[in-house]
Amino acid sequence: MPRCWLVKSEPSAYSIDDLARDGRTCWDGVRNYQARNFLRDQMKAGDPVLFYHSNADPPAIVGLARVCREAYPDHTARNPQGPHFDPAATEENPIWMMVDIEFIQKFARPVTLAEMKADPDLAGLMLAQRGSRLSVQPVAEAHFRRICEQGR
DNA sequence: GCCAACGTTGGC
DNA sequence: GCCAACGTTGGC
């Protein structure tokens, strides 16, 4: 069984509808070491990915995607005009990495953060922990299945 | 818009 | 290596 993941995006920046339209996209702009390590070291092609809308009303998991390309350098770190520029990134040492993900489905019903926090079957879900800011996080398989059920 | 939680930076 | 200051995230 592949590992399951969750990625966050503010819908005003990139939403599940944007992914549905694009079919696939490069998941650039991750600028946190822990998130990068997950993405670089453990995300494998074919792994399922829950798509979460942060800073949304309501914050919720809204759909499902899949990793379709494993980690490679995030070139946006080397674009001084871009919002994800990091002057420390070089061609030899890109520092930041990204994967590509592809659209699978939009949930029939968003699974809200409030609902997940209240669900005993989702006890321990990283997303529901207080102060959880990690934008790429692993999800236990049982939790993953539960969330997919709720979104159907 | 507020603010708590968290990560990073940089002086010492 | 400590820790205060600062910037960001993201729920509410």
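Just the heavy atoms: all of them, side chains too, but no hydrogens, waters or symmetry mates, feed the values below. Proteins get letters first, then strands, A, B, ... in listed order; numbering begins at 1 in each. Model, not experiment: these values are computed from the prediction.
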- Message: Heavy atoms from C-beta onward define the side chain here; which of B:dC6, B:dG7, C:dG11 lies closest to that of A:Gln34?
- Response: B:dG7

- Message: Aromatic contact between A:Trp5 and A:Phe144, with the criterion being ring centroids under 6.0 Å apart: yes or no?
- Response: no

- Find the distance A:Asp57:CG to C:dC12:C1' and express it as a whole number of Å. 10 Å

- Task: Could you tell me whether the side chain of A:Ser132 and the main chain of A:Met126 form a donor-acceptor pair under 3.5 Å?
- Result: yes

- Message: In whole Å, I'd like the distance from the CG atom of A:Leu6 to the P atom of C:dG10.
- Response: 11 Å

- Task: Report yes or no: does A:Asp22 contribute a side-chain atom to a donor-acceptor pair with the main-chain N or O of A:Thr25 at less than 3.5 Å?
- Result: no

- Message: What is the separation between atom CG on A:Leu134 and atom P on B:dT8, rounded to the nearest whole Å?
- Response: 11 Å

- Item | OP1 or OP2 of B:dC6 under 4.0 Å from side-chain N/O of A:Tyr33 | no

- Message: Quick check on C:dG10: is either OP1 or OP2 less than 4.0 Å from any side-chain nitrogen or oxygen of A:Lys8?
- Response: yes

- Figure out the OH/P separation between A:Tyr52 and C:dT9, and round it to whole Å. 14 Å

- Message: Side chain of A:Lys117 only, heavy atoms from C-beta on: which candidate in B:dC6, B:dG7, C:dG11 is closest?
- Response: C:dG11

- Item | A:Ile95 CD1 to B:dG7 P, straight-line distance once rounded to whole Å | 19 Å

- Could you give the CZ-to-C1' distance, from A:Arg133 to C:dG11, as a whole number of Å? 12 Å

- Message: Without decimals, in angstroms, what is the distance between A:Phe85 CZ and C:dG7 P?
- Response: 19 Å

- Measure the distance from CD on A:Glu115 to P on C:dC12 and round it to the nearest whole Å. 14 Å

- By nearest-heavy-atom nucleotide on DNA chain B, the more 5' of A:Asn32 and A:Asn55 is A:Asn55

- Among pairs that include at least one residue of residues 72-92 of chain A, which meet ring-ring contact (aromatic ring centres under 6.0 Å, His included), considering only residues two or more places apart or in two chains? none

